[in-house]
Amino acid sequence: MKPIRMVDLISQYEAIKSEVKSSIDNILENAQFINGPDVKEFKSELANYLGVKHVIPCANGTDALQISMMALGLKPGDEVITPSYTYIATTEVMGLLRLTPVFVDCDPETFNIRPEEIRKAISPKTKAIVPVHLYGQSCAMDEIMEIANEYGLYVIEDNAQAIGCSYTSKDGSVKKTGTIGTVGCTSFFPSKNLGCYGDGGAICTNDDELATKLQMVANHGQSKRYYHDMVGCNSRLDSIQAAVLRIKLRKLDQYIANRNNAAEYYNRAFASVEQIKTPARDFQSEHVFHQYTLQLDDSIDRDGMVEYLASKDIPSMIYYPVPAHKQKMFAELETRTGDLSTTDWLTTRVFSLPMHTELEEDQLKYICDSVIEYINK
Ligand SMILES: *Cc1c(COP(=O)(O)O)cnc(C)c1O
């Protein structure tokens with residue numbers, strides 16, 4: 001059996017090695033490190049894949065969120081409704097820009113932000129909603145867009161974990177996550193579903209005017225060379241990362257299928273294990289399984305489980321042990337919170353198993369047998 005990794009980028013690389021090497025070599029030969037042809041090609045290939053008008057690449061997913069909030073003109077004191085149950089980057093940028101995150105609770109089944117809680121959190125200061133498509137499944141975008149339209153709010157989708165996921169609206173239309181709201185932000189961090197070999201990110205939108213502004217903010221607020229109309233930042237996707245992403249984008253659907261196969265294996269193995277709740281599915285959303293996250297019931301010692309698996313060379317993770325509203329980072333900052341009891345409870349019970357594109361059946365069997373062994377001990 002191959003060694004089990006939380007994310008196995010080494011085995012994945014084996015299959016695309018020669019393509020990657022020749023692409024990178026070509027960039028080295030031509031010294032087109034910044035804004036080379038691969039960046040332009042990747043922009044249009046990703047736009048085409050997502051079915052969106054504009055893709056603005058940037059340096060990472062955190063920047064994508066920050067640039068979006070800056071381009072939309074969000075100002076200190078503006079309230080932004082967001083889940084507390086997410087990776088810290090989502091809410092950290094709000095702190096950085098001195099916006100006021102308004103933390104709302106998530107759904108105990110899908111882990112995603114609850115539209116009815118968003119509605120309750122709206123105030124005259126609310127400017128935007130930042131839904132996070134957590135673990136690879138879309139938020140309830142029909143309801144979220146309805147609320148946004150009703151109150152005139154921007155929707156900034158944090159799509160870092162769900163690139164490639166399709167969402168079917170009640171009217172039957174199908175869209176990729178990240179293309180439904182005002183803007184969509186994604187990350188190409190190596191372990192993400194579409195990952196490069198360093199840092200990378202992108203923003204997408206169907207709004208022409210906003211696309212120009214996003215591009216300006218990402219490039220020193222520059223409207224034409226050496227003319228800077230606003231304070232921006234310096235956030236680029238380099239050519240080598242774009243070349244890697246072009247190769248991996250062509251395989252993204254296959255990668256998603258592999259992740260789904262692994263998830264199905266886990267689901268079957270745990271179907272009759274009472275103490276384990278397998279990931280719930282939202283019928284309007286596909287699942288691209290960035291993470292395979294279980295809920296363990298109170299009878300299971302979660303730390304004991306992690307240790308037991310580690311003793312058998314099986315990595316596992318807790319995504320996320322501390323929700324945003326309990327992070328010290330926000331202690332001195334303006335925030336608002338409602339009832340976050342589901343979030344607080346979930347952070348004590350969630351448990352993620354290895355999930356990637358290269359999981360093999362003998363590995364899956366060994367992982368599942370070991371989890372069940374621990375429960376029956
Ligand atoms: C990874 C991630 C980000 C940040 O992406 P980076 O490229 O690491 O900056 C933002 N939000 C979520 C939900 C993420 O998982």
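Just so you know, these numbers come straight off a predicted model, no measurement behind them. One is the number of the first residue; the rest follow in order along the sequence. We count ligands from 1, going down the list as the structure has it; atoms in each ligand are counted the same way.
Taking both residues in full, the closest heavy atoms of Thr357 and Arg259 are given as CG2-NE, 4.1 Å, listed atom of the first, atom of the second, then distance.
At distances below 3.5 Å, at least one donor-acceptor pair connects side-chain atoms of Arg336 with backbone N or O atoms of Ala121.
Near Ala89, meaning under 4.0 Å from one of its heavy atoms, ligand 1 places the atoms 3 (C), 4 (C), 10 (C). Against a heavy-atom cut-off of under 4.0 Å, Asn60 is close to the following atoms of ligand 1: 7 (O), 9 (O). Residue Ala160 has at least one heavy-atom neighbour below 4.0 Å for each of these atoms of ligand 1: 2 (C), 3 (C), 10 (C), 11 (N), 12 (C), 14 (C), 15 (O). Close approach of ligand 1 to Thr90 is summarised as follows: ligand atoms under 4.0 Å from at least one heavy atom of the residue are 11 (N).
There is no side-chain donor-acceptor pair under 3.5 Å between Thr100 and Lys125. Between the side chains of Tyr292 and Asn267, at least one donor N or O lies within less than 3.5 Å of an accepting N or O. Donor-acceptor pairing under 3.5 Å is lacking for the side chains of Asp8 and His356.
Residue contacts with ligand 1, taken as heavy atom pairs separated by less than 4.0 Å, involve Asp158 solely via side-chain atoms from C-beta onward. By the criterion of a heavy-atom distance under 4.0 Å, both the backbone and the side chain of Thr62 are placed next to ligand 1.
Heavy-atom distances between Val132 and ligand 1 reach below 4.0 Å in at least one pair.
Between Asp297 and Arg349 no salt bridge is recorded (no basic side-chain N to carboxylate O distance below 4.0 Å).
Annotation: Gly61 places an N or O atom under 3.5 Å from an N or O atom of ligand 1; distance criterion only. Annotation: Asp63 places no N or O atom under 3.5 Å from an N or O atom of ligand 1; distance criterion only.
Heavy atoms of other residues, nucleotides or ligands lying less than 6.0 angstrom from NZ of Lys328 number 12 at most.
In terms of protein heavy atoms, atom 14 (C) of ligand 1 is closest to Lys192 NZ, 3.2 Å. Looking at atom 15 (O) of ligand 1, its nearest protein heavy atom turns out to be Gln161 NE2, 2.9 Å.
The cationic atom of Lys176 (NZ for Lys, CZ for Arg) does not lie both less than 6.0 Å from the six-membered ring centre of Tyr167 and within 45° of the ring axis.
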